[in-house]
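Just the heavy atoms: all of them, side chains too, but no hydrogens, waters or symmetry mates, feed the values below. Remember, it's a predicted structure, so these values are computed and weren't measured experimentally.
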Amino acid sequence: MNIYRTIALTSVSAVLTFSTLGYTSSLNQSQILEKSPSNQNTDFYGTLNPYAAESVYFILTDRFVDGDKTNNQEKQGGKYPTFDIPLNGPDGQQANVGYLGGDFKGVLNNADYIKNMGFTSVWLTPIYDNPDQAFNGGDKVAFGEYYKDGGKTGYHGYWASNFYEVDEHLPSKGLTFADLTKQLKQQHDLNFVLDIVANHGSPSYTMIEDQPKFGEIYNQDGKLIADHQNIHPEKLAPNKPLHAFYNTHTGLAQLSDINENNEAVLDYFEGAYLKWISQGAHSLRVDTIKEMPHQFWKKLFDRIRVHHPEIFIFGESYSYEAEFIAEHTRPENGGVSVLDFPGRKAITEVFENPESNFSNILSYLHLDDGMYQNPYELMTFYDNHDMERMNATDEGFIDANNWLFTSRGIPVVYYGSEINFMTGEPEHKGNRNYLGQQKIEQAKNHIIHRELTNIANIRKNSVALQRGLQVNLDFNKNLASFYRVYQNDDDNQTALVLLNKGNTEAKFNVDKMLSSGLWTDAITGKEYLVDNNNSVLNITVKAHGVKVLLLNSPINNIELQQQLALQQSKVHTTK
């Protein structure tokens with residue numbers, strides 16, 4: 001997303017009446033089906049970025065599968081042990097803030113499981129070396145409590161002390177990080193998303209006694225280059241070399257807050273992340289991107305793009321304000337994608353509530369208002385490790401996945417969501433609990449897993465669902481319908497998406513902006529001919545179901561061409 005150009009298309013003269021909730025046509029049916037040779041080969045697409053073909057399975061590595069018990073480090077930590085630190089709640093509920101054994105081997109052992117669901121990329125939590133003890137400072141964490149780190153370990157990977165070294169809990173004999181990415185790609189056709197951090201290191205002050213690696217940063221040679229020395233940020237001395245990496249104000253919790261104005265910081269992270277990219281990282285996910293100024297990220301991303309100009313980068317800007325997170329997508333601010341938090345809010349509000357109206361989901365799309373540099377390149381999701389898991393029924397998850405894998409954006413699914421794992425729970429109440437091999441085997445027969453596999457593989461094989469412009473038809477009560485249209489050179493595909501989140505089957509009668517031609521059901525292969533003698537598609541969609549009909553020829557409906565041209569003129573794309 002580092003290079004943009006605006007595709008300017010000749011505007012059309014016909015007057016359209018269009019809304020996101022429906023479409024009212026001023027043309028009769030014969031005009032709808034009339035072909036327009038001058039326009040039928042016009043390019044239409046939401047994005048040409050190759051990354052739009054991806055769908056991402058997000059794993060908190062330590063909590064996925066323990067594939068190698070020899071790297072569990074169960075005796076590590078001394079008086080502050082790190083393995084299996086339970087947080088006990090009422091009625092037998094439990095969370096955990098220690099290491100539980102998940103590793104590279106556990107991921108690789110289940111690569112086909114991930115691939116077969118329809119995913120193309122694996123995003124793991126940070127791989128870097130973390131401290132070897134539980135943190136003895138901060139506020140003591142207990143079951144269900146928020147924003148406390150006392151007694152926790154770096155099992156999640158976000159407390160790095162050496163960004164050039166892999167944490168010892170993750171690799172196995174014969175399975176380094178480079179081995180992992182190579183085997184994921186060559187044997188399972190899965191790309192790797194590297195989770196990068198630059199805003200902070202490990203917890204760095206309030207310790208009862210100074211602990212090794214906490215508040216410390218080491219370079220590629222294992223040399224200590226920064227040390228908070230268990231000192232409050234306001235008492236650090238910027239003129240001291242070991243303090244210069246840090247800011248003299250507080251940041252998140254007791255984490256060391258890294259100095260964005262220090263050129264040595266840029267040098268350090270540039271070197272670290274180029275190392276991991278050279279070992280097979282395919283794309284970058286940026287942690288806490290909003291905690292550092294745009295100018296820092298632009299400098300860092302520019303340096304990385306000198307070596308890897310096409311690398312895809314997306315950031316975590318934890319805000320439900322679209323205008324705010326959109327700032328990161330602008331070229332002058334680094335030009336990256338972001339996780340679509342406003343989308344998460346709308347998606348969960350609709351699919352957690354069976355009585356919701358499908359029209360309420362449209363608020364976050366911003367298809368043609370220029371809010372984002374390109375809305376089709378955003379990362380869409382409904383839950384992750386930093387928030388409550390979606391609090392929905394199995395059917396709610398099925399409906400959410402049907403939407404996620406057909407609407408605009410690049411889908412991200414958090415581990416365990418395919419079995420409705422730890423429904424609705426936040427971090428310290430079970431969000432990050434251990435999944436394990438047994439649950440993965442059980443997942444293969446779970447209804448969410450089955451339906452997710454169907455729709456994810458349809459998207460995996462449909463360029464329209466990956467990159468097509470989205471034109472909404474009807475969104476009302478339990479039903480939604482829309483087009484995704486991709487036309488680029490000789491590659492033409494339109495997807496008609498029909499969604500039913502209701503408890504009974506529903507009949508769709510589609511004639512709005514309908515192109516003539518042979519439409520094919522992406523699931524069953526059944527064909528439907530649309531012409532002047534048969535100008536309506538009558539389709540039944542099962543309860544909590546989806547239908548995707550594909551037209552693999554240029555669109556020939558004048559109204560749809562006009563609507564697409566208007567939207568295309570407002571979308572910033574690359575070519």
### Query
Is it the case that N333 and K298 place a side-chain donor and acceptor less than 3.5 Å from each other?
no

### Query
Heavy-atom count around E332 CD within 6.0 Å, excluding the residue itself: above 12?
yes

### Check: R344/Y320 side-chain N/O donor and acceptor closer than 3.5 Å
yes

### Task
Answer yes or no: is there a donor N or O on one side and an acceptor on the other, between the side chain of N72 and the main chain of H169, under 3.5 Å?
no

#### Entry: Centroid-centroid under 6.0 Å between Y113 and H449 rings
yes

#### Entry: Geometric class of the H328/H294 ring pair [parallel <30°, tilted 30-60°, perpendicular >60°]
perpendicular

### Message
Ignoring hydrogens and geometry beyond distance, is a side-chain donor-acceptor pair present between Q76 and Y99 at under 3.5 Å?
### Response
no

### Query
According to the interplanar angle, ranging from 0 to 90°, do the rings of F163 and Y128 count as parallel (below 30°), tilted (30 to 60°) or perpendicular (above 60°)?
tilted

### Message
Distance alone, cut at 3.5 Å: any donor-acceptor contact between the side chains of Y45 and D43?
### Response
no

### Query
Okay, side chain of Q211, backbone of D132: is any donor-acceptor separation there less than 3.5 Å?
no

### Message
Distance alone, cut at 3.5 Å: any donor-acceptor contact between the side chains of E54 and N191?
### Response
yes

### Message
If you count heavy atoms of other groups shown closer than 6.0 angstrom to CG of D490, is the number above 12?
### Response
no

### Query
Parallel, tilted or perpendicular: which describes the rings of W159 and H156, with under 30° parallel and over 60° perpendicular?
perpendicular

#### Entry: Lys/Arg cation over aromatic Y415: R389, 6.0 Å, 45° cone
yes

### Query
Going by atom types alone, do Y382 and N401 pair a side-chain donor with an acceptor below 3.5 Å?
yes

### Message
For a quick check under 3.5 Å, do N431 and Y414 share a side-chain donor-acceptor pair by atom type?
### Response
yes

### Query
Without hydrogens or angle criteria, can the side chains of N247 and E260 be said to hold a donor-acceptor pair below 3.5 Å?
yes

### Task
Walk me through it: do M390 and F397 pass the test side chain to side chain contact (heavy atoms under 4.5 Å, CB included)?
CA-CA 8 Å; M390 187 163 67; F397 274 87; 3.6 Å; yes

### Task
Check the side chains of S256 and H228 for a donor-acceptor pair under 3.5 angstrom, ignoring hydrogens and angles.
no

#### Entry: Matching residue for S172 among D68, D103, D179, T70 - test: side chain to side chain donor-acceptor pair (under 3.5 Å)
D68

### Query
Counting heavy atoms not belonging to Q220, are there more than 12 under 6.0 Å from its CD?
yes

### Query
Can you name the ring pair (Phe, Tyr, Trp, His ring centres under 6.0 Å) partners of Y155, sequence neighbours left out?
none

#### Entry: Where at least one partner belongs to residues 454-466, residue pairs that pass side chain to side chain donor-acceptor pair (under 3.5 Å), sequence neighbours excluded
S462-Q493

### Under-4.0 Å salt bridge between E441 and K444
yes

### Message
Quiz question: by atom type and distance under 3.5 Å, do the side chains of N96 and D84 form a donor-acceptor pair?
### Response
yes

### Message
Between D112 and Q187, do the side chains contain a donor N or O and an acceptor N or O under 3.5 Å apart?
### Response
no

### Residue of the set T125, D195, D386 for which side chain to side chain donor-acceptor pair (under 3.5 Å) holds with Y158
D195

